[in-house]
Amino acid sequence: MDAYDEGSKARHLPDGPDGSLPEGPASAGSTPDSTPCADQESTDQESTDQESVGEESTDQESTDQESVGEESTDQESVPQHHDSQAPTVQAPGPQVSGPQAPTADPPVPVPTPTGIASLPLRSQIVAALALAVVAVVACVHLGMVFLHVAPSNTVTKQHGRAIDDWIYPEFEQNWKLFAPNPLQQNIDIQVRAQVRGADGGITETGWYDLSALDGTAIDGNLLPSHTQQNELRRAWDFYIGTHDNDNHPVGLRGDLSQRYLRRIVVLRLDREGAGGKGAVVESVQVRSRTTNVPPPKWSEEQVSDTPVLRELPWWTVPEEDVTDARTEASAG
């Protein structure tokens, strides 16, 4: 055994053919006697480095395993989230430390315009003008009604005719419904006429009971017209309210009420074909036939059942009334 085998850390090298060590390349300035010592020192240094490297790698691996074990233990100690609350996965990238920038508030939704505001500009202008016209007409109507029912004053004396033209006959005001003694009479309005036939002769018709004709049209009609119910009656009330018992006009509305009643009866005669086809109404006469409503059987009140007649003078029919009557008949 060589002397190199005595050491516990001796490194065996292959022997040469003659049992001597192989010769390596000699470095500059070195002798053959110093070569084995240098080789031994380099070999020892390499083994020492390898052992230190091995120890460092072993220590590093153990340290990494311990850190991995601690991380796994920490992860196991973290409570598990519910399935509905999945953990947030952060996108890879550099983590910005420090205070976060405030997030902007979501935009407030703008309410959608409704009504007139939702219309185009031109439509808004038209609607505004229409509302203005309606408001003006309503104010004028309320003012006219107020002046009509108000006591006589300077305005009604100066503009009484204009007020009456606005009110009558459609907006006439009366209090008969609330009278202490309501109307208990039946009043029939009748008319007859003098007509000129196609041959030029003048003939007089019989009495036409216009009230009875309106009653026949109303009977069985679920929705009778306002004209059938009130036109003739209101015209007669208007006339007797502006004339005395001798049929003389009282106040400024006397002439207006006469023309209104005459116009209605001419239209009704033309509708009924008075005098035959082609006949022209020249003049008319109106009368009223008033009968008292009989009291109930349990009442001791005594009333007359004799009709009371009131005949008006003959009125000449102007040409414009005849033309208007024919125009309305052709339109109907």
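Keep in mind that the numbers below use all heavy atoms, side chains included, and drop hydrogens, waters and symmetry copies. Small disclaimer: the values here were computed from a predicted structure and weren't measured.
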- Item | Audit row: I264, E231, side-chain contact (heavy atoms from CB on, under 4.5 Å) steps and yes/no | CA-CA 8 Å; I264 290 176; E231 181 184 49; 3.7 Å; yes
- Task: Might you work through the side chain to side chain donor-acceptor pair (under 3.5 Å) test for S283 and Q194, ending with a clear yes or no?
- Result: CA-CA 5 Å; S283 59; Q194 292 180 349; 3.1 Å; yes
- Stepwise, does the side chain to side chain donor-acceptor pair (under 3.5 Å) test hold for N186 with R289? CA-CA 8 Å; N186 289 325; R289 184 177 183 272; over 6 Å; no
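Heavy-atom neighbours of N245 CG from other residues, nucleotides or ligands within 6.0 Å: at or below the threshold of 12. Heavy atoms from other residues, nucleotides or ligands lying under 6.0 Å from CZ of R287 number more than 12. Environment of CG in L252: sparse, with no more than 12 heavy atoms of neighbouring residues, nucleotides or ligands closer than 6.0 Å.
Counting heavy atoms from C-beta outward, E282 and E204 have side chains that stay 4.5 Å or more apart. No side-chain heavy atom of T242 sits under 4.5 Å from any side-chain heavy atom of V250. Under the 4.5 Å side-chain criterion, counting only non-hydrogen atoms from C-beta, I167 is in contact with M144. Considering only heavy atoms from C-beta on, D209 stays 4.5 Å or farther from L213 through its side chain.
The two residues K157 and S152 make their nearest non-hydrogen contact at CE-OG, 3.5 Å. For the pair G275 and A279, the tightest heavy-atom approach, listed with the atom from each and the gap, is O-CB, 3.4 Å. Nearest heavy-atom pair across R262 and V284 is CG-CG2, 4.2 Å.
Looking only at distances, no side-chain donor or acceptor of S299 sits under 3.5 Å from a matching main-chain atom of P295. Side-chain atoms of N292 come within 3.5 Å of backbone atoms of S304 as a donor-acceptor pair (strictly under, hydrogens ignored). A donor-acceptor pair under 3.5 Å is absent between the side-chain atoms of S123 and the main chain of L119, judged by distance alone. Side-chain N or O atoms of S288 include none that pairs as donor or acceptor with a backbone N or O of I189 at under 3.5 Å. Side-chain atoms of Q258 do not come within 3.5 Å of backbone N or O of Y239 as any donor-acceptor pair. The backbone N or O of R234 lies less than 3.5 Å from no partner atom in the side chain of N230, so there is not a single donor-acceptor pair. Judged by distance alone, the side chain of N153 and the main-chain N or O of V155 form a donor-acceptor pair under 3.5 Å. Put simply, the side chain of T205 gets close to the backbone of A193: a donor and an acceptor are under 3.5 Å apart.
Using the six-membered ring where Trp is involved, H141 and F171 have ring planes that are perpendicular, over 60° apart on the 30 and 60° scheme.
The existence of a salt bridge linking D214 and R268 is confirmed by a sub-4.0 Å separation between a basic side-chain nitrogen and an acidic carboxylate oxygen.
When the side chains of ILVMFWY residues are joined at heavy-atom separations under 4.5 Å, either directly or via intervening members, V280 and L267 end up in two distinct hydrophobic clusters.
Counting side-chain heavy-atom gaps under 4.5 Å among Ile, Leu, Val, Met, Phe, Trp and Tyr, the cluster of V137 also holds V133.
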